[in-house]
Amino acid sequence: MAERRYDHREIEPKWQAVWASERSWEVSNEDDPRPKAYVLEMLPYPSGEPHIGHLKTYSVGDAVAHFQRRTGHRVLHPMGYDAFGLPAENNAIKTGQHPRDATRESIGQFQREFREWGISIDWTRELATHEPSYYRWTQWIFLKLYERGLAYRKEAAVQWCPKDQTVLANEQVLDGRCERCGTPVEVRQLEQWFFRITDYADRLLDDLDAIEWPEHVKTMQRNWIGRSEGAEVVFRCEELGIDYPVFTTRPDTLFGATFFVMAPEHPDVFPLAAGTEHERAVHEYVNEAVQESAEERGDQDKAKTGVPLGRTVTNPVNGEEVPMLVADYVLMEYGTGAIMAVPAHDQRDFDFARAFDLPIRRVVEPASGEAPPEDEAFAGHSGAERLVDSGEFTGMPSPEARQAITDWLDREGKGHASVNYRLRDWLVSRQRYWGCPIPIVYCQADCGMVPVGEDDLPVELPDVEDYAPQGRSPLAAAQDWVQVSCPSCGGDARRETDTMDTFVDSSWYFLRYCDAGNDRAPWDRAVLRRWMPVDQYIGGVEHAILHLMYARFFVKALADMDLLDVQEPFAKLFTQGMITRDGAKMSKSKGNVVSPATIVESHGADTARCYILFIGPPDQDADWSDSGVEGVHRFLARLWRLADQTAASSSADPPPAEPTDADIQLLHKTHWAIDKVTRDLGDGRFAFNTAIAAVMELTNECSKLRESAQPGALRFALATAASLIFPFAPHLGSEVYELLTGERVWQQPWPEADEALLESETYELVCQVNGKVRDRVPAPAEASGQELVALCRSAPNVRAHVEGREVVKEVVVPGRLVNLVVR
RNA sequence: GCCCGGGUAGACAAAUCGGCAAAGUCCGCGGCCUUAAAAGCCGCUGCUCGCAAGAGCUUGCGGGUUCGAUCCCCGCCCCGGGCACCA
């Protein structure tokens, strides 16, 4: 008989067809006594075809989903597409192909490949964010936010990308450059839509404690929110009779304030300078400063610049008149756009004072009494620093003085405790075509800004000829679409032509999956209660701030509107590492791209998926290796071949027989593997690499004992190996399990390890002398401490080392070792 | 500068509670099968000394705690990531 070979091309389509026709992964919203598990991977952005990073994300998620199903959960594991966005639009500008068509093609490619990978998706809940049936509800949520005052329009200095011709959210600017295309951004004064995420700063911060996320992701979010506690202190300009509050985290240094600085964008800068000798210089400086790119201005190494305003303000604690200046190191967007400068205790103020020869007055000293270095500011955060030259507060420890001075200011009506955040409101307008239209019209008569009625949603995205951005949205060219009658008075009105940031679309999609077919509401609250929150969310760490913060904000805002019952969308988060090749990120320009389609064709989806999970811990970056793929393929082929041979040479129901030593050995190994894999997958562990290694060990043991073990034991061991590998290699797992048992593995409960079989009757006792291993002897599992010591002492090589010396201590670790300490 | 990760054989990695360092995979070497090759199967594989038994060394570097440290503590070096003129 010719030997058959493992052929993934035959096995994989066969099982994919079974899963599709039997709708194996669909889950209903009906009552079900099993506990729920909502397993979700971040939805893909459909551009071109899936890359290796997608394969990793969905291999991880699918392993979790399968494990949850087989451990008795009803599992929601859906899929969708984040379909609006710039790449499709830029492609349209270049080729003329409508973004909708390019997106459709790409989605088709993703769907095909997800099926070829054998990912267990409930396809009845599939969605794409560019479909009117979805974005209708994105617009609905926008209107809800608007009703509550959480969506608002204001003119502000915003970041503008000259290449993409659109404004960007604060979060989408990195080092002064557009996150997407790398072009230095400009600052423009524009009227735009914002979401009031800053209202939620404290809750976004506090609730991080309630979710199981990687600590570094939480840290990134905390840093991004950037909560600072301090005080607002009022400095008064007596000449003009105007109060200028400033924010400081160090009210204890108030006596050291020797000057006062305003941001160039501060609206009072020109009025203040008017009529002074500095008026012209101030105009020149401000005009130059506002033209600087964010990158230039943000450069910390840049020398400090600024000019005097020719005015003074009064320091409220000591009545001292200090000069006012304007300088670009002060930001209009943070605090009040003006600061009190304490050069002795703030490095930036120190640098500025040095450059402009302004006085530096120390008011805080180290506890040691030692003089701090002269050439830098003394920040001192130990808590033991004390105040000097600070009037009635002199001698007070610094932290106490913060409180005392704040209280004093409050009593005098010159300030109060205050909190500031680095987080800014979320700018959601985009002057681009391929996005969700903002459902607002502007009445030409007297109604002003009017929301589109809920019944008139969706506001559908019109077709246009020219996608190219011209600094206003391409939608403005769709005359018939823009002209509309006012929902309020029926008069002439114009539609808002900006679209929404695509992060809006993806801030609620996990809610829609729960009730994807609902055409009367975005979701039914009772249905949402059955599934939310997502129990395990999986995706790349690159979304640690943007997407994950926005989604949390949406859920909190919607909960406040009494539309859902959870405070956090994602109870647990797993962030996977990148797959590199030759140590570098895969990219077309480097020519080091491995496409999932190629590897699935040549080696099969099971091999590709197993390899990606076997390569190393999934939260770490890992380097792709072609020979590593071969190794995993060999392992799967060996498991299949052993099963095929065993199935062919023995009956499915072999007669019971007295177990041989080999049978017992194999049985032990089988239960060891069950235990190992179960622990590696359970309890939020993502140790797929060691789980797969354990199945490899079991398979190797089967191979070694295939002649000596009886068919029954061999069948059990191999079927168990198939059952354990199934979450990672579902096609092969199903095939092998069926070959040996005639059953469908995914309908079987997860195997349970028999405690009694995890321990053997004897083990190898490690015998140490002074902490060094000198011998190993077999010991009975139930031996007492004294017996173990006796065994150890009689081991030949131990005797040689103990000979003629005094044993001063015996350390016994039952089940492991004995250590004799000798002198 | 601040905050997170990480550093273990030739490569990727394991060691779950302080208890045998290196499971598993790749690479390499040897053997079996074969006319030959492929596939498959079996074995070897940290360094030094030694015929061997064995001994010494080894988890980035230096110290500490401990009967015992990859693991805990202190100091330092290197790599990766995040934040950074946020008062």
Side-chain angles (χ1 to χ4, degrees), chain A residues 3 5 174-175 214-224 226-228 230 246-250 253 261 297-302 304 327-331 333-342 345-349 351-352 420-424 541-542 544-545 577-578 611 614-617 619-632 634-635 637-638 641 676 679-680 683 685 687 689-697 699-700 703-704 706 764-776 796-797 800 808-813 815-822:
Chain A
E3 190 177 79
R5 293 181 65 167
L174 296 175
D175 294 329
E215 210 43 54
H216 70 278
V217 175
K218 290 190 186 182
T219 304
M220 282 163 75
Q221 293 219 343
R222 284 192 191 103
N223 289 344
W224 191 264
R227 181 187 155 99
S228 298
V246 298
F247 175 74
T248 177
T249 53
R250 295 294 305 274
T253 64
V261 192
R297 183 156 168 189
D299 184 359
Q300 211 173 126
D301 298 331
K302 194 183 87 162
K304 292 277 181 292
D328 66 359
Y329 81 95
V330 176
L331 309 173
E333 317 87 77
Y334 188 77
T336 61
I339 61 154
M340 66 175 207
V342 185
H345 305 293
D346 180 280
Q347 192 59 42
R348 295 152 300 180
D349 298 343
D351 294 341
F352 191 83
N420 258 275
Y421 302 90
R422 215 194 75 116
L423 184 71
R424 308 284 148 80
V541 73
E542 65 273 16
I545 296 172
M578 230 188 351
Y611 171 67
F614 179 65
I615 186 170
D619 56 332
Q620 280 175 34
D621 291 351
D623 207 57
W624 183 271
S625 136
D626 289 335
S627 54
V629 177
E630 295 292 343
V632 169
R634 272 200 287 275
F635 151 63
R638 182 139 63 131
R641 199 169 48 246
K676 174 73 178 151
R679 279 184 297 122
D680 281 348
D683 210 25
R685 275 173 63 91
N689 52 333
T690 51
I692 293 169
V695 184
M696 285 174 170
E697 282 196 60
T699 306
N700 291 345
S703 175
K704 201 159 75 182
R706 68 185 181 279
E764 197 174 58
L765 180 72
V766 170
C767 306
Q768 297 184 336
V769 178
N770 285 349
K772 285 190 193 295
V773 181
R774 292 305 176 187
D775 220 329
R776 292 157 224 263
N797 201 41
V808 295
K809 190 168 181 180
E810 293 161 345
V811 182
V812 182
V813 184
R816 291 189 193 274
L817 59 77
V818 171
N819 184 18
L820 302 177
V821 184
V822 301

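In the text below, chain A, chain B and the rest are named by the order of the sequence lines, each starting its count at 1.
Among the nucleotides B:C12, B:G19, B:C67, the one closest to any side-chain atom of A:Ile615 is B:C12. Closest approach to the A:Val773 side chain among B:C85, B:A21, B:A87 is made by B:A21 (side chain taken as heavy atoms from C-beta onward). Of the candidates B:C67, B:G40, B:G19, the closest approach to any side-chain atom of A:Arg641 belongs to B:G40. The side chain of A:Gln620 approaches B:A13 more closely than any other nucleotide in the set B:A21, B:A14, B:A13. When each of B:C41, B:U25, B:A87 is scored by its nearest atom to the side-chain atoms of A:Met696, the top-ranked nucleotide is B:U25. Here the nucleotide nearest the side chain of A:Asp680, chosen from B:A13, B:U16, B:A87, is B:U16. Closest to the side chain of A:Val811, from the set B:G19, B:C3, B:U16, is B:G19. Relative to the side chain of A:Arg634, the nucleotides B:A87, B:G40, B:C4 differ in distance, and B:G40 lies closest. Nearest nucleotide to the A:Asn819 side chain, out of B:A14, B:G19, B:A15: B:G19.
Within the nucleic acid shown, A:Asn420 has no heavy atom closer than 4.0 Å to any nucleic acid atom. In this structure, A:Asn797 reaches the sugar-phosphate backbone alone: every heavy-atom distance under 4.0 Å involves primed, P, OP1 or OP2 atoms, never a base. Within 4.0 Å of A:Val330, counting heavy atoms only, lies at least one base atom of the nucleic acid. Within the 4.0 angstrom heavy-atom criterion, only backbone atoms of the sugar-phosphate kind lie near A:Pro617; the bases stay farther away. No contact: A:Lys218 has no heavy atom under 4.0 Å from any strand. Within 4.0 Å of A:Gln768, counting heavy atoms only, lies at least one base atom of the nucleic acid. Residue A:Arg222 is classed as having no contact, given no heavy-atom separation below 4.0 Å to the nucleic acid. Using a 4.0 Å heavy-atom cutoff across all strands shown, A:Val766 reaches at least one base atom of the nucleic acid. Contact annotation for A:Arg422: base contact, defined as any heavy-atom pair under 4.0 Å involving a base atom. Within 4.0 Å of A:Gly226, counting heavy atoms only, lies no atom of the nucleic acid at all. A:Ser627 comes within contact range of the sugar-phosphate backbone alone, with a heavy-atom separation under 4.0 Å but no base atom that close. The residue A:Asp349 sits apart from the nucleic acid: no heavy atom pair falls under 4.0 Å.
Base pairing annotation: B:U16 forms no Watson-Crick or G-U wobble pair, as no partner gives both donor-acceptor distances under 3.5 Å. The nucleotide B:A11 finds its pairing partner in B:U25, both defining distances of the Watson-Crick or G-U wobble pair being shorter than 3.5 Å. Base pairing of B:C83: its partner is B:G1, meeting the Watson-Crick or G-U wobble criterion (both donor-acceptor distances under 3.5 Å).
For B:C41, one of the phosphate oxygens OP1 or OP2 lies less than 4.0 angstrom from a side-chain nitrogen or oxygen of A:Arg638. Of the side-chain N and O atoms in A:Arg774, one or more sit less than 4.0 angstrom from OP1 or OP2 of B:G56. Under 4.0 angstrom from either OP1 or OP2 of B:A87 there lies at least one side-chain N or O belonging to A:Ser228. For B:U25, one of the phosphate oxygens OP1 or OP2 lies less than 4.0 angstrom from a side-chain nitrogen or oxygen of A:Asn700. Regarding contacts with the backbone of B:C42, a side-chain N or O of A:Ser703 is found under 4.0 angstrom from either OP1 or OP2. At B:G54, none of the side-chain N or O atoms of A:Lys772 fall inside 4.0 Å of OP1 or OP2 (strictly under the cut-off). When the side-chain nitrogen and oxygen atoms of A:Gln347 are compared with OP1 and OP2 of B:A87, none of them lie within a distance under 4.0 Å.
If you check distances only, the side chain of A:Asn223 never reaches the base of B:C83 with a donor-acceptor pair under 3.5 Å.
Between A:Asn797 and A:Arg774, the shortest heavy-atom contact is ND2-O, 2.6 Å.
Between the C1' atoms of B:G28 and B:A9, the separation comes to 13 Å (whole Å).
Electrostatic pairing of A:Glu215 and A:Arg222 counts as a salt bridge here, judged by a charged N lying under 4.0 Å from a carboxylate O.
No donor-acceptor pair closer than 3.5 Å links the side chain of A:Asp621 to the backbone N or O of A:Gly577.
Following rounding to the nearest Å, A:Asp621 (CG) and B:G7 (C1') show an atom-to-atom distance of 15 Å.
Classified by its glycosidic torsion, B:C51 falls in the anti category, the angle being over 90° from 0.
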